[in-house]
Q: 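Can you read through this structure? Questions will come right after.
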Amino acid sequence: MVMMVVTDGNSTCIKAELSANFSISYNTTNGTSVARFVLPSSAAVGSSSSCGGGDVPPELVVMFGAGHTLALMFSSDGLLYRVANMSLQYNLSDTATFPQSSSSRIVSVMTNVSEISARLNSTYRCLSSMSVSLSTEVNITFSDVRMEAFMNRANLSTNESVCSADQTVTTTAPTPSPRTTVAPSPVPPPAPERGNYTITNGNGTACLLALMGLQLNITHHSKSLNKTVSEVMNLQPNRTTASGSCGVPRATLVLSEDLTNLTFTFTLNLTTQKFYLSAVNVSAFWPDMTDRFVEGNGSLNFLQCSVGRSYMCSAEQMLAVVPTFSINTFRLQLQPFNVTANRFAAAEECRVDQENMLIPIIVGAALAGLVLIILIAYLIGRKRTHAGYQTI
């Protein structure tokens, strides 16, 4: 394994730990041959490595052997960074690596790479072997990779973006006799923690309040399994930031956690004086997703409540946004309009909570009725018994 660091003189911008095996086909005086060698521990960071800046992308250049160079050029879209371009320059006059080569020229090959990508401020980790073909003659197999670009610290982030190969666990079972087994169902995550989100207006006064636990259900295409899967994720309040705006007749709440962004739009009906959740938009990129998941629905009518009050629902609710995306809410209380004194107004409870309260009342009333019937029956029976002993 080789460790390489690129700095701009003051801070580290690229750090990489990796092993690399090269396989290069070349012409010899007797035909063709294949050179196989590893990236040596003596490999060094080249002087042309750069942290980039402006329109210049950051680049890691690794020099090794007798004039060989491996270069990784990075790019970022503001959410992810990736190895956008990989190139290898190898020297066929290196007789120790390319014995009996019929040429002494320097060969350069390159390719665009899309597999190596990670969230910004996270370490790309891929301990499994991963092959990259730069041409029909050149193949590089990486392993034990831990790498980060666009860094703002000296050490690799403890937050990791794990490659799909490391997420796939393959086990070989003994085969005494053919049998059909059913894979265990994925264990759902526990109920999410309750987050406290507040939006303030220009003078610092709260204008939107929300207390809730959120659980996201997304159906997407899995890179590791190569099929459509349904995945559940809890929004973690300690990693979530809240922003938004207040106004009439619309208010918005935006929640962001890493590469997941949720936008809730609340609308106030000035005729009925009720507010409701009218739109939800989601943008997410989870580690096993093939592409960024973007969905939304602007024709919703959830969480209706009278203006001047807060909406409360302690029970779990499922808000079906689109067929591939829904939100489960837990212990919810929110008020997007007419907040006073930075506190929730009196609550209007959801129907589920009201029904849950009615059940014990109904059961209690039924039991009380049953006791009353038994008592009346007992009194009637007792009266008849006394009547049989009256004096003639």
Side-chain angles (χ1 to χ4, degrees), residues 1-9 12-76 81-117 124 126-151 163 165:
M1 181 186 296
V2 179
M3 185 178 73
M4 293 150 290
V5 178
V6 178
T7 66
D8 61 1
T12 300
C13 58
I14 303 173
K15 191 170 187 178
E17 300 172 355
L18 57 86
S19 297
N21 289 269
F22 300 84
S23 176
I24 302 176
S25 176
Y26 67 100
N27 294 323
T28 67
T29 53
N30 299 321
T32 60
S33 183
V34 177
R36 294 183 174 86
F37 54 95
V38 300
L39 186 67
S41 58
S42 59
V45 176
S47 59
S48 55
S49 296
S50 167
C51 289
D55 296 329
V56 179
E59 185 175 16
L60 168 62
V61 179
V62 184
M63 304 185 70
F64 61 98
H68 312 303
T69 304
L70 172 66
L72 308 180
M73 185 176 292
F74 298 87
S75 67
S76 172
Y81 69 88
R82 57 173 45 86
V83 177
N85 183 281
M86 182 182 299
S87 62
L88 177 68
Q89 181 177 286
Y90 56 97
N91 183 10
L92 289 173
S93 65
D94 178 8
T95 56
T97 305
F98 302 98
Q100 299 181 340
S101 173
S102 61
S103 172
S104 59
R105 63 192 180 96
I106 296 176
V107 181
S108 295
V109 291
M110 68 175 59
T111 187
N112 294 325
V113 181
S114 59
E115 296 86 356
I116 303 177
S117 64
Y124 174 81
C126 198
L127 305 182
S128 304
S129 296
M130 175 188 60
S131 295
V132 178
S133 294
L134 276 68
S135 69
T136 55
E137 293 83 20
V138 179
N139 188 80
I140 307 176
T141 301
F142 294 96
S143 61
D144 299 319
V145 178
R146 296 184 76 245
M147 174 171 59
E148 184 177 358
F150 299 95
M151 296 176 65
C163 68

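Counting begins at 1 with the first residue of the sequence. Since the model is a prediction, treat every value here as computed from it, not as a measurement. Heavy atoms only: backbone and side chains are in, while hydrogens, waters and symmetry mates are out.
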Q: Could you name each residue pair satisfying salt bridge (charged side-chain N to carboxylate O under 4.0 Å, His left out) that touches residues 96-105, not counting sequence neighbours?
A: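 Every candidate salt bridge (charged side-chain N to carboxylate O under 4.0 Å, His left out) pair involving residues 96-105 fails, so no pair, neighbours aside, qualifies.
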Q: Taking atom OG of Ser102 and atom CG of Asn30, what is their separation to the nearest 0.5 Å?
A: 10.0 Å
Q: Just jot down the side chain to side chain contact (heavy atoms under 4.5 Å, CB included) partners of Val6, sequence neighbours excluded, or say none.
A: Cys13, Ile14, Val45, Ser49, Cys51, Leu60
Q: For the atom pair CG (Leu134) and CE (Met110), what is the distance rounded to the nearest 0.5 Å?
A: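 Between atom CG of Leu134 and atom CE of Met110 there are 9.0 Å.
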Q: Got a second to check how far Cys163's SG is from Phe142's CZ, nearest 0.5 Å?
A: 13.0 Å
Q: Which residue pairs satisfy the side chain to side chain donor-acceptor pair (under 3.5 Å) criterion with at least one member in residues 35-44, sequence neighbours excluded?
A: none
Q: What's the spacing between Ser143 OG and Asn21 CG if we round to 0.5 Å?
A: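 One gets 6.5 Å once the value is rounded to the nearest 0.5 Å.
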Q: Only counting residues at least two apart or in another chain, list the ones meeting side chain to side chain contact (heavy atoms under 4.5 Å, CB included) with Ser33.
A: Tyr26, Thr28
Q: Applying side chain to side chain contact (heavy atoms under 4.5 Å, CB included), name anything that partners Thr95, two or more places apart in sequence or on another chain.
A: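 Not a single residue meets the side chain to side chain contact (heavy atoms under 4.5 Å, CB included) criterion with Thr95.
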Q: Would you indicate whether the side-chain heavy atoms of Thr97 and Ile24 approach each other to under 4.5 Å?
A: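 Side chain of Ile24 against side chain of Thr97, heavy atoms only: no contact under 4.5 Å found.
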Q: Below 4.5 Å, heavy atoms only, C-beta onward: do Tyr124 and Val83 meet side chain to side chain?
A: no
Q: If a pair satisfies ring-ring contact (aromatic ring centres under 6.0 Å, His included) and one of its residues is in residues 37-57, list it, with sequence neighbours excluded.
A: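 Sorted result for residues 37-57: Phe22-Phe37.
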Q: Tell me, please, which residues at least two apart from Ser133 pass side chain to side chain contact (heavy atoms under 4.5 Å, CB included).
A: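 Applying side chain to side chain contact (heavy atoms under 4.5 Å, CB included) to Ser133 gives Asn139.
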Q: Quick one: salt bridge (charged side-chain N to carboxylate O under 4.0 Å, His left out) pairs with a partner in residues 137-150, sequence neighbours left out?
A: Glu17-Arg146, Arg146-Glu160, Glu148-Arg153
Q: List the residues meeting side chain to side chain donor-acceptor pair (under 3.5 Å) with Ser103, not counting sequence neighbours, and say none if there are none.
A: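 Ser103 satisfies side chain to side chain donor-acceptor pair (under 3.5 Å) with no residue once adjacent residues are dropped.
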Q: State which residues pass side chain to side chain donor-acceptor pair (under 3.5 Å) with Ser128; sequence neighbours excluded, sorted by chain then number.
A: Asp166
Q: Val38 versus Ser19: any side-chain heavy-atom pair under 4.5 Å?
A: no
Q: Taking distance alone, no hydrogens or angles, what donor-acceptor pairs closer than 3.5 Å link side-chain atoms of residues 67-74 to residues at least two apart or in another chain?
A:
from: His68; atom 1: ND1; to: Asn91; atom 2: N; distance (Å): 3.1
from: His68; atom 1: NE2; to: Asp94; atom 2: OD2; distance (Å): 2.8

Q: Do you know the tightest heavy-atom contact between Lys15 and Met3?
A: CE-SD, 3.9 Å
Q: Residues in ring-ring contact (aromatic ring centres under 6.0 Å, His included) with Tyr81, at least two apart?
A: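 Partners of Tyr81 under the ring-ring contact (aromatic ring centres under 6.0 Å, His included) test: none.
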Q: Decide whether Ser131 and Thr141 meet the rule of one side-chain donor and one side-chain acceptor closer than 3.5 Å.
A: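 Yes - a donor-acceptor pair under 3.5 Å links their side chains.
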Q: Working to the nearest 0.5 angstrom, can you tell me the gap between Ile116 CD1 and Met86 CE?
A: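 CE of Met86 is found 4.0 Å from CD1 of Ile116.
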Q: Just wondering, are more than 12 heavy atoms of other shown residues or ligands nearer than 6.0 Å to CE in Met63?
A: no
